[in-house]
Amino acid sequence: MQQPTTPVSGRAGAGADAEPFTPRGTPRLRRRDSSAPSTPSARGGVGRRRPTTFREDVGHAAAETYLVTRLAFILLRYLGVGYRWISQLIALLLYAMLLMPGFIRVGYYYFFSSQVLRSVVYGDQPRNRLDLYIPKDRSKSCPVVAFVTGGAWIIGYKAWGSLLGRRLAERGIMVACIDYRNFPQGTISDMVSDASEGISFICESIATYGGDPNQIYLMGQSAGAHISACALLDQAVRESKGEEIYWSVTQIKAYFGLSGGYNMLNLIDHFHERGLYRSIFLSIMEGRRSLAQFSPEIVTKKLSPEEIALLPQIVLFHGTGDYSIPSSASETYVDVLKKAGAKAKLQLYKGKTHTDVFVQDPLRGGKDPLVEDIVSIIHADNPNACEKYESSPIPERLVSEWHIQIARQISPF
(Lines give C-alpha, C1' and ligand atoms only; values in the text may rest on other atoms or scores of the structure.)
Protein backbone atom coordinates (compact mmCIF):
# COMPACT_ATOMS: atom_id res chain seq x y z
CA MET A 1 0.00 0.00 0.00
CA GLN A 2 1.23 3.46 -0.79
CA GLN A 3 2.10 6.19 1.65
CA PRO A 4 0.67 9.69 1.07
CA THR A 5 2.57 11.58 -1.58
CA THR A 6 2.50 14.83 0.38
CA PRO A 7 4.56 14.79 3.61
CA VAL A 8 2.15 15.26 6.47
CA SER A 9 2.35 14.31 10.12
CA GLY A 10 0.27 13.12 12.99
CA ARG A 11 1.38 15.10 16.04
CA ALA A 12 3.06 18.46 15.80
CA GLY A 13 6.45 18.46 17.43
CA ALA A 14 7.66 15.05 16.30
CA GLY A 15 10.32 15.87 13.74
CA ALA A 16 12.57 13.95 11.41
CA ASP A 17 15.27 13.69 14.07
CA ALA A 18 13.08 11.78 16.50
CA GLU A 19 14.32 8.51 18.01
CA PRO A 20 13.43 5.26 16.22
CA PHE A 21 9.93 4.05 17.00
CA THR A 22 9.31 1.43 19.62
CA PRO A 23 5.80 0.12 20.36
CA ARG A 24 3.90 2.38 22.74
CA GLY A 25 6.69 4.94 22.40
CA THR A 26 6.99 8.05 20.28
CA PRO A 27 6.55 7.35 16.54
CA ARG A 28 8.78 8.97 13.94
CA LEU A 29 6.28 11.48 12.62
CA ARG A 30 7.26 13.60 9.67
CA ARG A 31 6.22 17.24 9.63
CA ARG A 32 3.62 18.51 7.21
CA ASP A 33 4.80 20.61 4.28
CA SER A 34 4.47 24.20 5.43
CA SER A 35 3.09 25.15 2.03
CA ALA A 36 0.05 22.90 2.49
CA PRO A 37 -3.18 24.60 3.59
CA SER A 38 -3.37 23.10 7.08
CA THR A 39 -5.17 25.79 9.02
CA PRO A 40 -8.58 27.43 8.79
CA SER A 41 -6.93 30.70 7.76
CA ALA A 42 -6.38 29.12 4.36
CA ARG A 43 -10.15 29.15 3.87
CA GLY A 44 -11.32 31.78 6.30
CA GLY A 45 -11.32 29.61 9.41
CA VAL A 46 -14.04 28.69 11.88
CA GLY A 47 -15.23 31.86 13.51
CA ARG A 48 -13.31 33.94 10.94
CA ARG A 49 -14.85 32.47 7.83
CA ARG A 50 -15.71 35.08 5.18
CA PRO A 51 -19.48 35.05 4.59
CA THR A 52 -20.25 33.70 1.13
CA THR A 53 -22.71 35.36 -1.20
CA PHE A 54 -25.82 33.68 -2.53
CA ARG A 55 -24.24 33.67 -5.98
CA GLU A 56 -21.16 31.85 -4.67
CA ASP A 57 -23.30 29.27 -2.87
CA VAL A 58 -25.37 28.62 -5.99
CA GLY A 59 -22.18 28.32 -8.07
CA HIS A 60 -20.73 25.83 -5.62
CA ALA A 61 -23.98 23.84 -5.63
CA ALA A 62 -23.93 23.75 -9.44
CA ALA A 63 -20.30 22.55 -9.48
CA GLU A 64 -21.06 19.80 -6.96
CA THR A 65 -24.13 18.71 -8.95
CA TYR A 66 -22.06 18.52 -12.13
CA LEU A 67 -19.45 16.36 -10.38
CA VAL A 68 -22.06 13.95 -9.04
CA THR A 69 -23.67 13.66 -12.49
CA ARG A 70 -20.31 13.05 -14.16
CA LEU A 71 -19.49 10.32 -11.63
CA ALA A 72 -22.78 8.60 -12.40
CA PHE A 73 -22.03 8.54 -16.14
CA ILE A 74 -18.51 7.26 -15.49
CA LEU A 75 -20.04 4.40 -13.52
CA LEU A 76 -22.39 3.55 -16.37
CA ARG A 77 -19.62 3.74 -18.96
CA TYR A 78 -17.42 1.27 -17.13
CA LEU A 79 -20.17 -1.11 -16.11
CA GLY A 80 -21.88 -1.11 -19.48
CA VAL A 81 -25.49 -0.40 -20.38
CA GLY A 82 -26.88 -3.89 -20.69
CA TYR A 83 -30.23 -4.99 -19.32
CA ARG A 84 -28.91 -5.41 -15.80
CA TRP A 85 -27.55 -1.89 -15.55
CA ILE A 86 -30.49 -0.25 -17.29
CA SER A 87 -32.78 -1.87 -14.71
CA GLN A 88 -30.39 -0.87 -11.92
CA LEU A 89 -30.32 2.72 -13.16
CA ILE A 90 -34.11 2.90 -13.31
CA ALA A 91 -34.31 1.49 -9.78
CA LEU A 92 -31.76 4.07 -8.59
CA LEU A 93 -33.70 6.95 -10.16
CA LEU A 94 -36.97 5.79 -8.60
CA TYR A 95 -35.23 5.31 -5.26
CA ALA A 96 -33.84 8.85 -5.38
CA MET A 97 -37.19 10.33 -6.44
CA LEU A 98 -39.02 8.70 -3.55
CA LEU A 99 -36.51 10.02 -1.02
CA MET A 100 -36.04 13.38 -2.77
CA PRO A 101 -37.97 15.44 -0.14
CA GLY A 102 -35.37 14.39 2.43
CA PHE A 103 -32.43 14.73 0.06
CA ILE A 104 -33.45 18.31 -0.79
CA ARG A 105 -33.51 19.29 2.88
CA VAL A 106 -30.20 17.59 3.57
CA GLY A 107 -28.75 19.23 0.45
CA TYR A 108 -29.88 22.65 1.62
CA TYR A 109 -28.16 22.02 4.96
CA TYR A 110 -25.02 20.85 3.17
CA PHE A 111 -24.74 23.83 0.83
CA PHE A 112 -25.99 26.66 3.02
CA SER A 113 -25.48 25.79 6.71
CA SER A 114 -22.79 27.78 8.54
CA GLN A 115 -21.98 24.54 10.40
CA VAL A 116 -20.67 22.90 7.23
CA LEU A 117 -17.21 23.87 6.00
CA ARG A 118 -16.96 22.36 2.52
CA SER A 119 -13.97 21.32 0.44
CA VAL A 120 -11.11 21.94 2.85
CA VAL A 121 -7.90 21.07 0.97
CA TYR A 122 -5.83 18.34 2.63
CA GLY A 123 -3.38 17.34 -0.12
CA ASP A 124 -2.07 17.94 -3.63
CA GLN A 125 -3.88 15.17 -5.51
CA PRO A 126 -7.23 15.58 -7.33
CA ARG A 127 -10.18 15.10 -4.96
CA ASN A 128 -7.99 15.77 -1.91
CA ARG A 129 -10.77 17.66 -0.16
CA LEU A 130 -12.83 17.10 2.96
CA ASP A 131 -16.03 18.52 4.47
CA LEU A 132 -16.30 19.47 8.13
CA TYR A 133 -19.57 19.24 10.06
CA ILE A 134 -19.09 21.43 13.12
CA PRO A 135 -21.28 21.33 16.27
CA LYS A 136 -23.07 24.54 17.29
CA ASP A 137 -21.44 24.55 20.71
CA ARG A 138 -17.87 25.72 20.06
CA SER A 139 -17.10 26.67 23.65
CA LYS A 140 -14.68 23.74 23.94
CA SER A 141 -12.99 21.23 21.67
CA CYS A 142 -15.11 18.27 20.61
CA PRO A 143 -14.55 14.65 19.54
CA VAL A 144 -13.89 14.09 15.84
CA VAL A 145 -14.95 11.32 13.45
CA ALA A 146 -12.81 11.04 10.31
CA PHE A 147 -15.25 9.47 7.86
CA VAL A 148 -14.47 7.77 4.53
CA THR A 149 -17.61 7.42 2.42
CA GLY A 150 -18.58 4.47 0.23
CA GLY A 151 -19.49 4.31 -3.44
CA ALA A 152 -18.30 0.97 -4.87
CA TRP A 153 -14.80 2.45 -5.32
CA ILE A 154 -16.27 4.28 -8.36
CA ILE A 155 -18.77 6.91 -7.19
CA GLY A 156 -17.54 7.66 -3.67
CA TYR A 157 -18.03 11.31 -2.74
CA LYS A 158 -17.64 13.28 0.47
CA ALA A 159 -21.19 14.68 0.36
CA TRP A 160 -22.57 11.15 0.81
CA GLY A 161 -21.69 11.58 4.49
CA SER A 162 -23.91 14.63 5.01
CA LEU A 163 -26.71 12.77 6.82
CA LEU A 164 -24.30 11.16 9.28
CA GLY A 165 -22.33 14.40 9.62
CA ARG A 166 -25.44 16.36 10.48
CA ARG A 167 -26.71 13.83 13.02
CA LEU A 168 -23.38 13.50 14.83
CA ALA A 169 -22.79 17.28 14.81
CA GLU A 170 -26.16 17.63 16.55
CA ARG A 171 -24.74 15.38 19.28
CA GLY A 172 -21.60 17.46 19.79
CA ILE A 173 -19.29 15.41 17.54
CA MET A 174 -17.36 16.96 14.65
CA VAL A 175 -17.29 14.93 11.43
CA ALA A 176 -14.66 15.23 8.70
CA CYS A 177 -15.83 13.53 5.48
CA ILE A 178 -12.77 12.66 3.39
CA ASP A 179 -13.01 12.66 -0.39
CA TYR A 180 -10.61 10.52 -2.45
CA ARG A 181 -9.81 9.57 -6.01
CA ASN A 182 -12.23 7.03 -7.48
CA PHE A 183 -11.74 4.56 -10.29
CA PRO A 184 -10.83 5.23 -13.11
CA GLN A 185 -9.13 8.38 -11.78
CA GLY A 186 -7.20 6.15 -9.38
CA THR A 187 -6.95 2.56 -8.21
CA ILE A 188 -7.13 1.10 -4.72
CA SER A 189 -3.60 2.12 -3.68
CA ASP A 190 -4.42 5.73 -4.64
CA MET A 191 -7.63 5.58 -2.61
CA VAL A 192 -5.81 4.23 0.45
CA SER A 193 -3.09 6.85 0.03
CA ASP A 194 -5.66 9.66 -0.19
CA ALA A 195 -7.55 8.41 2.86
CA SER A 196 -4.31 8.13 4.82
CA GLU A 197 -3.33 11.66 3.91
CA GLY A 198 -6.76 12.93 4.89
CA ILE A 199 -6.45 11.21 8.27
CA SER A 200 -3.00 12.75 8.69
CA PHE A 201 -4.37 16.22 7.99
CA ILE A 202 -7.10 15.71 10.56
CA CYS A 203 -4.67 14.45 13.20
CA GLU A 204 -2.43 17.47 12.71
CA SER A 205 -4.85 20.30 11.98
CA ILE A 206 -8.26 19.52 13.49
CA ALA A 207 -7.54 21.52 16.66
CA THR A 208 -7.55 24.72 14.60
CA TYR A 209 -11.15 23.96 13.60
CA GLY A 210 -12.29 23.26 17.17
CA GLY A 211 -11.76 19.50 17.22
CA ASP A 212 -9.99 17.58 19.98
CA PRO A 213 -6.82 15.92 18.57
CA ASN A 214 -6.92 13.49 21.50
CA GLN A 215 -10.39 12.23 20.56
CA ILE A 216 -10.15 11.19 16.91
CA TYR A 217 -12.18 8.24 15.65
CA LEU A 218 -11.85 6.66 12.21
CA MET A 219 -14.92 5.42 10.35
CA GLY A 220 -15.76 4.10 6.89
CA GLN A 221 -18.93 2.93 5.17
CA SER A 222 -19.13 0.17 2.53
CA ALA A 223 -16.14 0.67 0.18
CA GLY A 224 -15.01 3.42 2.54
CA ALA A 225 -14.89 0.88 5.39
CA HIS A 226 -12.59 -1.26 3.27
CA ILE A 227 -10.36 1.68 2.27
CA SER A 228 -10.07 3.08 5.81
CA ALA A 229 -9.34 -0.39 7.26
CA CYS A 230 -6.55 -0.83 4.69
CA ALA A 231 -5.11 2.56 5.66
CA LEU A 232 -5.25 1.72 9.37
CA LEU A 233 -3.53 -1.66 9.01
CA ASP A 234 -0.91 -0.30 6.63
CA GLN A 235 -0.08 2.41 9.12
CA ALA A 236 0.23 -0.09 11.98
CA VAL A 237 2.71 -2.16 9.94
CA ARG A 238 4.81 0.88 9.06
CA GLU A 239 4.72 2.14 12.60
CA SER A 240 5.82 -1.15 14.16
CA LYS A 241 8.77 -1.31 11.74
CA GLY A 242 9.97 2.10 12.83
CA GLU A 243 9.43 3.65 9.42
CA GLU A 244 9.02 7.37 9.06
CA ILE A 245 5.25 7.92 9.16
CA TYR A 246 2.74 10.71 8.66
CA TRP A 247 0.26 9.95 11.46
CA SER A 248 0.19 7.48 14.30
CA VAL A 249 -2.30 4.66 14.79
CA THR A 250 -2.16 5.52 18.50
CA GLN A 251 -3.91 8.81 17.67
CA ILE A 252 -7.06 6.90 16.67
CA LYS A 253 -9.26 6.06 19.67
CA ALA A 254 -11.48 3.59 17.80
CA TYR A 255 -12.27 2.37 14.30
CA PHE A 256 -15.89 2.02 13.15
CA GLY A 257 -16.57 -0.09 10.04
CA LEU A 258 -20.11 0.15 8.62
CA SER A 259 -21.34 -2.43 6.09
CA GLY A 260 -17.81 -3.13 4.91
CA GLY A 261 -16.14 -5.94 3.01
CA TYR A 262 -12.79 -7.11 4.36
CA ASN A 263 -11.84 -10.13 2.25
CA MET A 264 -11.75 -9.27 -1.44
CA LEU A 265 -10.94 -12.84 -2.47
CA ASN A 266 -14.23 -14.01 -0.95
CA LEU A 267 -16.27 -11.13 -2.37
CA ILE A 268 -15.12 -10.93 -6.00
CA ASP A 269 -17.70 -13.48 -7.23
CA HIS A 270 -20.45 -11.89 -5.13
CA PHE A 271 -19.72 -8.46 -6.58
CA HIS A 272 -19.71 -9.91 -10.09
CA GLU A 273 -23.19 -11.34 -9.56
CA ARG A 274 -24.33 -7.96 -8.18
CA GLY A 275 -23.11 -6.16 -11.30
CA LEU A 276 -19.63 -4.98 -10.30
CA TYR A 277 -18.06 -7.15 -12.96
CA ARG A 278 -14.95 -9.17 -12.25
CA SER A 279 -12.78 -7.46 -14.86
CA ILE A 280 -13.61 -3.99 -13.54
CA PHE A 281 -13.20 -4.99 -9.91
CA LEU A 282 -9.77 -6.50 -10.63
CA SER A 283 -8.78 -3.28 -12.39
CA ILE A 284 -9.81 -1.31 -9.30
CA MET A 285 -7.86 -3.69 -7.05
CA GLU A 286 -4.77 -3.63 -9.33
CA GLY A 287 -5.04 -7.25 -10.38
CA ARG A 288 -5.80 -10.59 -8.78
CA ARG A 289 -2.37 -10.76 -7.13
CA SER A 290 -3.18 -7.63 -5.11
CA LEU A 291 -6.45 -8.91 -3.67
CA ALA A 292 -4.77 -10.40 -0.59
CA GLN A 293 -2.71 -7.24 -0.03
CA PHE A 294 -5.89 -5.16 0.02
CA SER A 295 -7.94 -7.58 2.11
CA PRO A 296 -7.86 -6.43 5.76
CA GLU A 297 -8.97 -9.86 6.94
CA ILE A 298 -6.00 -11.57 5.28
CA VAL A 299 -3.57 -8.83 6.31
CA THR A 300 -4.72 -9.09 9.94
CA LYS A 301 -3.90 -12.81 10.03
CA LYS A 302 -0.29 -11.96 9.14
CA LEU A 303 0.20 -9.17 11.67
CA SER A 304 2.67 -9.64 14.50
CA PRO A 305 1.59 -9.29 18.15
CA GLU A 306 3.38 -5.91 18.21
CA GLU A 307 1.38 -4.68 15.23
CA ILE A 308 -1.89 -5.96 16.69
CA ALA A 309 -1.13 -4.17 19.96
CA LEU A 310 -1.02 -0.84 18.12
CA LEU A 311 -4.56 -1.16 16.77
CA PRO A 312 -7.37 0.78 18.46
CA GLN A 313 -10.68 -0.74 19.44
CA ILE A 314 -12.43 -1.95 16.28
CA VAL A 315 -16.23 -1.92 16.11
CA LEU A 316 -18.01 -3.30 13.04
CA PHE A 317 -21.65 -2.46 12.26
CA HIS A 318 -23.71 -4.40 9.71
CA GLY A 319 -27.32 -5.09 8.78
CA THR A 320 -28.27 -8.75 8.54
CA GLY A 321 -30.46 -7.99 5.50
CA ASP A 322 -27.56 -6.48 3.53
CA TYR A 323 -27.30 -8.13 0.11
CA SER A 324 -24.75 -5.67 -1.33
CA ILE A 325 -22.12 -6.89 1.15
CA PRO A 326 -23.32 -9.79 3.33
CA SER A 327 -23.11 -9.30 7.10
CA SER A 328 -21.00 -12.47 7.22
CA ALA A 329 -18.12 -10.28 5.96
CA SER A 330 -18.11 -8.37 9.25
CA GLU A 331 -18.82 -11.44 11.36
CA THR A 332 -15.84 -13.29 9.94
CA TYR A 333 -13.52 -10.30 10.25
CA VAL A 334 -14.41 -9.75 13.89
CA ASP A 335 -13.60 -13.39 14.61
CA VAL A 336 -10.22 -13.00 12.87
CA LEU A 337 -9.46 -9.84 14.84
CA LYS A 338 -10.32 -11.47 18.15
CA LYS A 339 -8.22 -14.55 17.40
CA ALA A 340 -5.30 -12.24 16.58
CA GLY A 341 -5.67 -10.54 19.97
CA ALA A 342 -7.24 -7.26 18.80
CA LYS A 343 -9.99 -5.45 20.70
CA ALA A 344 -13.00 -6.00 18.44
CA LYS A 345 -16.78 -6.16 18.68
CA LEU A 346 -19.68 -6.59 16.28
CA GLN A 347 -23.06 -4.84 16.23
CA LEU A 348 -25.64 -6.41 13.92
CA TYR A 349 -28.90 -4.72 12.96
CA LYS A 350 -31.54 -7.36 12.36
CA GLY A 351 -33.13 -7.21 8.93
CA LYS A 352 -31.42 -3.93 7.96
CA THR A 353 -30.18 -3.57 4.38
CA HIS A 354 -27.11 -1.79 3.00
CA THR A 355 -28.97 1.53 2.82
CA ASP A 356 -31.32 1.13 5.82
CA VAL A 357 -28.65 1.89 8.39
CA PHE A 358 -27.00 4.73 6.49
CA VAL A 359 -29.86 6.40 4.59
CA GLN A 360 -33.41 5.34 5.45
CA ASP A 361 -33.05 5.28 9.24
CA PRO A 362 -31.62 8.83 9.50
CA LEU A 363 -34.36 10.11 7.16
CA ARG A 364 -36.98 8.69 9.52
CA GLY A 365 -35.96 11.09 12.27
CA GLY A 366 -36.17 10.14 15.93
CA LYS A 367 -33.58 7.89 17.52
CA ASP A 368 -31.18 6.49 14.92
CA PRO A 369 -29.73 3.13 16.10
CA LEU A 370 -26.36 3.61 14.38
CA VAL A 371 -25.92 7.17 15.64
CA GLU A 372 -26.91 6.14 19.15
CA ASP A 373 -24.37 3.28 19.12
CA ILE A 374 -21.58 5.55 17.87
CA VAL A 375 -22.41 8.31 20.35
CA SER A 376 -22.52 5.84 23.25
CA ILE A 377 -18.93 4.81 22.48
CA ILE A 378 -17.56 8.30 21.88
CA HIS A 379 -19.27 9.85 24.91
CA ALA A 380 -18.75 6.79 27.14
CA ASP A 381 -16.32 8.66 29.39
CA ASN A 382 -18.27 11.92 29.36
CA PRO A 383 -21.54 11.53 31.28
CA ASN A 384 -22.16 15.27 31.11
CA ALA A 385 -22.22 15.15 27.30
CA CYS A 386 -24.54 12.13 27.36
CA GLU A 387 -26.95 13.93 29.68
CA LYS A 388 -26.77 17.17 27.68
CA TYR A 389 -27.58 15.63 24.32
CA GLU A 390 -30.14 13.19 25.69
CA SER A 391 -32.31 16.21 26.49
CA SER A 392 -31.76 17.85 23.09
CA PRO A 393 -34.59 17.96 20.52
CA ILE A 394 -35.24 14.70 18.69
CA PRO A 395 -34.36 14.93 14.96
CA GLU A 396 -37.43 15.50 12.80
CA ARG A 397 -38.66 13.11 10.13
CA LEU A 398 -37.49 14.12 6.65
CA VAL A 399 -39.43 11.61 4.51
CA SER A 400 -42.79 9.94 5.04
CA GLU A 401 -42.77 6.28 6.06
CA TRP A 402 -44.59 5.04 2.97
CA HIS A 403 -42.00 6.72 0.73
CA ILE A 404 -39.23 5.03 2.72
CA GLN A 405 -40.88 1.60 2.57
CA ILE A 406 -41.34 1.75 -1.21
CA ALA A 407 -37.80 3.08 -1.72
CA ARG A 408 -36.46 0.26 0.43
CA GLN A 409 -38.12 -2.33 -1.79
CA ILE A 410 -36.75 -0.96 -5.06
CA SER A 411 -33.31 0.09 -3.83
CA PRO A 412 -30.60 -1.28 -6.17
CA PHE A 413 -28.11 -1.44 -3.29
- [ ] Test salt bridge (charged side-chain N to carboxylate O under 4.0 Å, His left out) on Arg364 and Asp361 and set out the steps.
- [x] CA-CA 5 Å; Arg364 281 190 170 94; Asp361 284 350; 2.8 Å; yes
- [ ] I would like to know whether Tyr133 and Leu164 meet side-chain contact (heavy atoms from CB on, under 4.5 Å); could you show each step before the answer?
- [x] CA-CA 9 Å; Tyr133 296 81; Leu164 180 70; over 6 Å; no
Note, [X] side chain near [Y] side chain (heavy atom, < 4.5 Å):
{"X": "Thr355", "Y": "Arg408", "value": "no"}
{"X": "Asp373", "Y": "Val315", "value": "no"}
{"X": "Tyr262", "Y": "Thr300", "value": "no"}
{"X": "Leu311", "Y": "Leu233", "value": "yes"}
{"X": "Asp190", "Y": "Phe183", "value": "no"}
{"X": "Val249", "Y": "Pro312", "value": "yes"}
{"X": "Tyr246", "Y": "Ser196", "value": "no"}
{"X": "Tyr110", "Y": "Arg166", "value": "no"}

Task: Trace of the salt bridge (charged side-chain N to carboxylate O under 4.0 Å, His left out) decision for Asp335 with Lys339 - done: CA-CA 6 Å; Asp335 289 340; Lys339 288 178 181 178; over 6 Å; no
Ignoring hydrogens and angles, tell me if any N or O in the side chain of [X] forms a donor-acceptor pair with the backbone of [Y] under 3.5 Å.
{"X": "Ser290", "Y": "Gln293", "value": "no"}
{"X": "Gln115", "Y": "Pro135", "value": "no"}
{"X": "Gln251", "Y": "Ile216", "value": "no"}
{"X": "Arg118", "Y": "Phe111", "value": "yes"}

- [ ] State whether Arg129 and Asp179 are salt-bridged, where the test is any N-O pair (Lys NZ or Arg NE/NH1/NH2 against Asp/Glu carboxylate O) under 4.0 Å.
- [x]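 Not counted as a salt bridge, because no side-chain N and carboxylate O are separated by less than 4.0 Å.
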Nearest 0.5 Å please: distance from the [atom1] atom of [X] over to the [atom2] atom of [Y].
{"X": "Leu291", "Y": "Phe281", "atom1": "CG", "atom2": "CZ", "result": "6.0 Å"}
{"X": "Arg278", "Y": "Asp269", "atom1": "CZ", "atom2": "CG", "result": "5.0 Å"}
{"X": "Ser330", "Y": "Leu348", "atom1": "OG", "atom2": "CG", "result": "7.5 Å"}

- [ ] With salt bridge (charged side-chain N to carboxylate O under 4.0 Å, His left out) as the test, would you mind laying out the steps for Glu372 and Arg167 before giving the verdict?
- [x] CA-CA 10 Å; Glu372 295 302 316; Arg167 290 290 178 250; over 6 Å; no
Task: Sequence neighbours excluded - ring pair (Phe, Tyr, Trp, His ring centres under 6.0 Å) pairs with any residue from residues 354-378 - done: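 Every ring pair (Phe, Tyr, Trp, His ring centres under 6.0 Å) pair that includes a residue of residues 354-378, provided the two are not neighbours, is Phe147-Phe358.
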Open item on the list: The test is salt bridge (charged side-chain N to carboxylate O under 4.0 Å, His left out); show your working for Arg181 and Asp194 and say whether it passes.
Closed with: CA-CA 7 Å; Arg181 284 169 287 177; Asp194 286 351; 2.9 Å; yes
Open item on the list: Side chains of Thr332 and Glu297: any donor to acceptor distance under 3.5 Å?
Closed with: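 Short answer, no.
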TODO: Test Ser205 against Tyr122 for side-chain hydrogen bond (donor to acceptor under 3.5 Å, both in side chains), laying out the working first.
DONE: CA-CA 10 Å; Ser205 305; Tyr122 69 77; over 6 Å; no
Open item on the list: Once ring-ring contact (aromatic ring centres under 6.0 Å, His included) is applied, do any residues pair with Tyr349, and if so which ones, sequence neighbours excluded?
Closed with: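 Here no residue qualifies.
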Open item on the list: So, using ring-ring contact (aromatic ring centres under 6.0 Å, His included) as the criterion, who are the partners of Tyr323 when residues are at least two apart?
Closed with: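 In terms of ring-ring contact (aromatic ring centres under 6.0 Å, His included), with neighbours along the sequence ignored, Tyr323 is linked to no residue.
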Task: side-chain hydrogen bond (donor to acceptor under 3.5 Å, both in side chains) assessment of Glu306 paired with Ser240 - done: CA-CA 7 Å; Glu306 292 76 21; Ser240 69; over 6 Å; no
TODO: Walk me through it: do Leu130 and Ile202 pass the test side-chain contact (heavy atoms from CB on, under 4.5 Å)?
DONE: CA-CA 10 Å; Leu130 59 82; Ile202 292 165; 4.1 Å; yes
TODO: Please check if the distance between the ring centroids of Trp153 and Phe294 is under 6.0 Å.
DONE: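 Trp153 vs Phe294: aromatic centres not under 6.0 Å.
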